J.: 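Please see the structure below; I have some questions.
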Amino acid sequence: MHKKLYIPGPVQIAPDVYAAMCAPMIGHRMPEYAQVHRRVTTGLKQLLHTSDPVFLSTSSAFGIMEGAVRNLVQKRCACFSHGAFSAKWHDVTLRCGLAADHFAADWGQPVTPQMVDQALATGKYDAMTLVHNETSTGVMSPLLEIAAVMKRYPEVSFIVDTVSSMTAVPLDLAALGTDVCLAGVQKAFGLPPGLAVCAVSRRALDKAKSTPNRGYYFDFEEFEQNDRKDNTPSTPAISLIFALDHQLQKMFSEGLEQRYARHQAMAAATRAWVMRHGFPLFAPEGCRSVTLTCARNDGRTDLERLQKLAGERGYAIDNGYGQIKNQTFRIAHMADFTVADMEELFTVLDQLLPQVR
Ligand SMILES: Cc1ncc(COP(=O)(O)O)c(C=O)c1O
């Protein structure tokens, strides 16, 4: 039995997306591919308010997260974290043989502009990494305010993971001034996993040229040279790019403002359901994710059993990630879901909760 996915990625895929992936294969060096590539990257630039190139990386998000630090850390990287994925980025940076320091907010709290300012004021860093929406905790860091701080440090590459927020919230990269803004498509884009997208500033592309040991697969210079010809350095996940083309057209016909409002409405409905049942929200007000809700156990619910029973009814929910597993649970509300999909889940959970308390 297929379980409908309310986990924070991979997400439930709409049937029309699978249909788009079934288009007959083309070669990536054929003019037909260049047309799709151009349409997709133009759509992504429109979505992200940028005229910088947007690369299509056939990898999960961590591939291009690793690539970003390999291209842009020449001196030392400040890795800011507020959960599992952002903390892992520090580890990944070290494993690439690069110098990096970890600045960690407590789980459940955001990275603050003050933390960023304090670290960068030391003058030790030429790059920083930030995760906008920490999927492990459901906490969104204040990207606008952090971007305002980053304007004072133009020599520090501003590398941002919007893996679980891109397409669900407005991202105006021209205004934010990010050097790298990346996402995997298996979250709010509503696509199967295997592709990441990455907008890179002119400043970052120029810097990358003088960074040693960039490797080949994620080398920004390779990406840029190929992108100029509407192409990729190596064979891309063409079926996923067909599906991304389809999803972007769907997003623009829904209307971006409507899409953002739909995500806000699903988040509000989920928070209300969670609180109505006595589960405290993990994130403080003002920095709650719009794509997933992370709630604390109320101390009397067997979350593992709830997850199991929901699974038997055909619904996949999550019972916490990393160090907060089973102390919290997460319900995702992103991509092609609507408030009606959330209500469908709540009806099932309403029936199951008395059995697990
Ligand atoms: C915020 C965030 N960053 C990075 C990742 C890693 O993405 P991937 O598994 O596609 O490499 C995830 C995965 O859930 C994530 O939520």
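Computed over heavy atoms, backbone and side chain alike; hydrogens, waters and symmetry mates excluded. One-based numbering, in listed order, for ligands and for the atoms of each. Bear in mind that the values here come from a model prediction, so they are computed numbers and not experimental data.
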J.: My understanding is that a hydrophobic cluster links ILVMFWY residues whose side chain heavy atoms are under 4.5 Å apart, including indirect links. Using that, what else belongs to the cluster containing Trp107?
T.: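 Traced through the cluster, Trp107 reaches Phe282, Ile324.
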
J.: Give a yes or no on whether the backbone of Ala237 and the side-chain of Thr58 come within a donor-acceptor separation of less than 3.5 Å.
T.: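 Yes, the answer is positive, given that a donor and an acceptor are paired below the 3.5 Å cut-off.
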
J.: Name all residues meeting the ring-ring contact (aromatic ring centres under 6.0 Å, His included) criterion together with Phe242; count only those two or more places apart in sequence or in a different chain, and write none if there are none.
T.: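 Phe242 satisfies ring-ring contact (aromatic ring centres under 6.0 Å, His included) with no other residue.
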
J.: When clusters are formed by joining ILVMFWY residues with side-chain heavy atoms under 4.5 Å apart, either directly or through shared neighbours, do Val54 and Leu173 land in the same one?
T.: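 Linked, Val54 and Leu173 end up in one cluster.
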
J.: Could you tell me whether Arg313 sits above the aromatic face of Tyr6, with NZ or CZ closer than 6.0 angstrom to the six-membered ring centre and within 45 degrees of the axis?
T.: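 Relative to the ring axis of Tyr6, which defines the angle, Arg313 lies outside at least one limit.
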
J.: How would you list all residue pairs meeting salt bridge (Lys or Arg N to Asp or Glu O under 4.0 Å) that involve residues 175-191, not counting sequence neighbours?
T.: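 Passing the test, one end in residues 175-191: Asp179-Arg203.
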
J.: Pairwise, report which nitrogen or oxygen atoms of ligand 1 are under 3.5 angstrom from protein nitrogen or oxygen atoms, and how far apart they are.
T.:
residue  : atom   : partner : partner atom : Å
ligand 1 : 3 (N)  : Asp161  : OD2          : 2.6
ligand 1 : 10 (O) : Ala61   : N            : 2.9
ligand 1 : 10 (O) : Gln186  : NE2          : 2.7
ligand 1 : 11 (O) : Ser60   : OG           : 2.5
ligand 1 : 11 (O) : Ala61   : N            : 3.2
ligand 1 : 11 (O) : Phe62   : N            : 2.8
ligand 1 : 14 (O) : Lys187  : NZ           : 2.5
ligand 1 : 16 (O) : Thr135  : OG1          : 2.5

